[in-house]
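Worksheet: the structure to be examined is printed underneath.
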There are 2 protein chains.
Amino acid sequence: MSHTAQSDGHPRRGRAPTMADVAQLAGVSHQTVSRVLSHHPNVRDTTRAEVQRAIEQLGYRRNSSARALVTRRTLTLGVVACNPTLFGPASTLFGLEEAARDEGYMVSAVTLRRYTAKALEEAIDHLSDWGVEGIVVIVPHREAVAALAELRLPFPVVTVEGGHSLPIAGVSVDQELGARLATGHLLGAGHRTVWHVAGPPDWLEAEARVNGWRSTLEEAGVEVPPPLVGDWTPLSGYRAGQELAGRVAAGAARRSSEQVTAVFVANDQMALGLMRAFREAGLSVPGQVAIAGFDDIPEAEFFAPPLTTVRQDFAAVGQASIRLLVSRLESGQTGSDGERVVIEPRLIVRRSSTSS
Amino acid sequence: MSHTAQSDGHPRRGRAPTMADVAQLAGVSHQTVSRVLSHHPNVRDTTRAEVQRAIEQLGYRRNSSARALVTRRTLTLGVVACNPTLFGPASTLFGLEEAARDEGYMVSAVTLRRYTAKALEEAIDHLSDWGVEGIVVIVPHREAVAALAELRLPFPVVTVEGGHSLPIAGVSVDQELGARLATGHLLGAGHRTVWHVAGPPDWLEAEARVNGWRSTLEEAGVEVPPPLVGDWTPLSGYRAGQELAGRVAAGAARRSSEQVTAVFVANDQMALGLMRAFREAGLSVPGQVAIAGFDDIPEAEFFAPPLTTVRQDFAAVGQASIRLLVSRLESGQTGSDGERVVIEPRLIVRRSSTSS
DNA sequence: CCGCCCATTGTTAGCGCTCACAGCCCCCAC
DNA sequence: GTGGGGGCTGTGAGCGCTAACAATGGGCGG
């Protein structure tokens, strides 16, 4: 009659069956059930089959909390992502989840609307509360990575696009190389110089792209125009485009270095806004101004005109970050050495930059 | 000397501190520590403060597995999402995560590259293995929802865009209304009829948009052209655009009902592809053909020309799905009644459909 | 035929926490 | 003075599982 009584061989009603229920039904001990479930070799085939049948009959599922409690493994990884509706972070996240699942881990994500040190800490706290074994941080702000380095967390952390200045393990695409590819391509098409619309200065990716662009121009010995600054949104690209369009109009009367004939935009969305501004100003792309973007979002190929851009393999980034994290988990190192994986981007040439 | 010895008042090295460690340091029982942590009112302020100090000194965190084991609450929700790099699913997912976090839950996601019954079941299995208390399914295939209805899971399930034919709780945007808004808008601008580029026929959203489009035309008493079919990608929109452009060219010589002067495209990405095809065919938008899309992705405003489209509040969908799920969790119902939340879409008129 | 080894199975002791309940002390009413 | 009802704290049990060890039985070499 007590709520723990179950002498009738049926599991307690209203409660999920336990290993003991399965054991009783199969006529073995709970430990044998455990052994079957963990594929222990020393179980007789007939026993194994009986246990399996009991499991199916009861619809038994191992209780993950009990298991985690005793094994001290939650098999859960955390992800902190910022701006995750953008194509890049979203793709990374999903590549990552798939890779984690293949490795036997579950992924729990926390998203940040905007980066602030407090929001980042809260996100990590939230994940810690749920017992993640390690986390991937996709928050490519300079300060975020610095804050992370301070935190000294009790589990491994891997950053995505976290730069290389701090001793934190991470995965990144070679942004500087990407910028060099795009800038070099435009220069190679005969443009005197290449203008740049940068991302927000506190984003490491934005900075790296500026560096790649600038150094390419400097190595080519051409003048480096002042970069404009956007915030990754099409609207900010549009504004930058309006400003540049004004310069083109005025340019004819000025010295040649002020001519705007080629622009490297730090992402595809801003490039889209830029092209709209140029269109409205009556400037033809690529006729009067050649443009290159960054990311290769699925839409880029269908822009007017199709956009030359730098493709990043976001899914590979996600996979690599999981590999890095899992290898640390398995080797038991939580320390922050600066092990890094770098993935090469690729230039995709389309009509927006070709004068033909 | 034994590894469980801890008579020196220090927590066992190499192991996270437990409640007992905190209790010992604070000079209270573990139960008092538990009470402090769960904000039980009957704890003296001075005691509470001492416990807090001990907690901070040790860097103690409550073990979520142990807690989940005894409370039978994992406070974790699962999400299954398909195609999650698209703007819609991604936004829904992140609105959902935020809402879940506010409610005190963690979200674990599993993504599907493509829908298959097997993949869906595996995803749900994976989530069950980790002890989720309920799941949100963002897989708007007809079969997926049907498969879900068969499954009879031991926890509540909420669908997003799961249609209304099955008795499963869900949240959706009124797709049919959205289609009616767009179609009606085009009709109202004086077009004889409106063509349609639909999404994949096994997607419920695609079907609903077709229905809304068709019924609007029928009610207006105009002819219903055969819908073209795409797969949501810009490329498929491009192909549809090429086909329609061919008709326009031929149209002048045919009967007027074959004239293509307005197209309602089932999403913005396909509309982008369509516009590229029209541009390449020398057709002007909106001059010769007016276009409306669906979703209002952030880029739509900057397309050439800016795209008239139907805005869906994805974040609201995510929030609503969590509210629905949590309310079922709290009322303890796992049954599948068909409770539904419907969110109204909104027409955003831009240049692609305005003749001015 | 005996002893030993190994394959197979069972038994026991926790993992770290919360719940139920049992104490204790102090204050107030009678 | 005594009983009783709070407020506050401690004790014990047990959530469902795995790890370590114990026990059993059969096969095989000596």
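We name chains A, B, ... by the order of the sequence lines, and we start the count at 1 in each one.
As a whole-Å value, the separation of Tyr60(B) OH from dG16(C) C1' is 7 Å. Look at NE2 on His30(B): it is 15 Å from P on dG14(D), rounded to the nearest Å. Following rounding to the nearest Å, Gln24(B) (CD) and dT11(D) (C1') show an atom-to-atom distance of 17 Å. Here the P atom of nucleotide dT18(C) and the CG atom of Leu75(B) are 12 Å apart, to the nearest Å. The distance between atom CG of Asn63(A) and atom C1' of dG14(D), rounded to the nearest whole Å, is 14 Å. Summarising the geometry, the separation between CZ on Arg44(B) and P on dC8(D) is reported as 8 Å, rounded to the nearest angstrom. We find that NE2 of His40(B) is positioned 18 Å from P of dC17(C), with the value rounded to whole Å. Distance Arg73(A) CZ to dT18(D) P: 14 Å, rounded to the nearest Å.
The shortest distance between the side-chain N/O atoms of Arg67(B) and the OP1/OP2 oxygens of dT18(C) is below 4.0 Å. Phosphate proximity of dG16(D) to Arg15(A): present, with a side-chain N or O under 4.0 Å from OP1 or OP2. The phosphate of dT18(D) (OP1 or OP2) has a side-chain N or O of Arg62(A) nearer than 4.0 angstrom. Checking the phosphate oxygens (OP1, OP2) of dG16(C), no side-chain nitrogen or oxygen of Arg61(B) falls inside 4.0 Å. Checking the phosphate oxygens (OP1, OP2) of dG10(C), a side-chain nitrogen or oxygen of Thr32(A) falls inside 4.0 Å. Checking the phosphate oxygens (OP1, OP2) of dC15(C), no side-chain nitrogen or oxygen of Arg72(A) falls inside 4.0 Å. Listed pair Ser34(A) / dT18(D) meets the phosphate criterion, a side-chain N or O lying under 4.0 Å from OP1 or OP2.
The side chain of Gln31(A) lies closest to dA19(D) when the candidates are dC17(D), dC15(C), dA19(D). Of the candidates dG16(C), dT11(C), dG10(D), the closest approach to any side-chain atom of Val28(B) belongs to dG10(D). Comparing dT18(D), dG16(D), dG16(C) by their nearest atom to the side chain of Met19(A) picks out dT18(D).
For the atom pair CG (Leu324(A)) and CD1 (Ile322(A)), the distance works out to 9.5 Å, reported to the nearest 0.5 Å. In this structure, CD1 on Ile135(A) lies 10.0 Å from CG on Leu77(A), to the nearest 0.5 angstrom. Note that CZ of Arg114(A) and SG of Cys82(A) are 9.0 Å apart. Values are rounded to the nearest 0.5 Å.
Sorted by first and then second residue, the ring pair (Phe, Tyr, Trp, His ring centres under 6.0 Å) pairs involving residues 38-84 of chain B (not counting sequence neighbours) form an empty list.
Residue Thr47(A) is in sugar-phosphate contact alone, with no base atom involved, counting any heavy-atom pair closer than 4.0 Å across all strands shown. Residue Ser29(A) is in base contact, counting any heavy-atom pair closer than 4.0 Å across all strands shown. Residue Arg35(B) is in base contact, counting any heavy-atom pair closer than 4.0 Å across all strands shown. Residue-level contact check: Asn42(B) touches the bases, meaning some heavy atom is under 4.0 Å from a base atom.
No more than 12 heavy atoms of other residues, nucleotides or ligands sit less than 6.0 Å from atom CZ of Arg113(A).
In the helix from dC1(C)-dG30(D) to dC30(C)-dG1(D), the end axes, each obtained as the rotation axis mapping the C1' atoms of four pairs onto the next four within a five-pair block, lie 50° apart to the nearest 10 degrees.
Residue Arg328(B) comes nearest to Pro156(B) through the heavy atom pair CB-CB, 4.0 Å, listed as atom of the first residue, atom of the second, then distance. Residues Ala147(B) and Leu120(B) share a closest heavy-atom pair of CB-CD2, 4.4 Å.
Ser34(A) places a side-chain heavy atom less than 4.5 Å from the side chain of Met19(A).
The residue among Val70(B) and Thr46(B) whose nearest nucleotide of DNA chain D is located toward the 5' end is Thr46(B).
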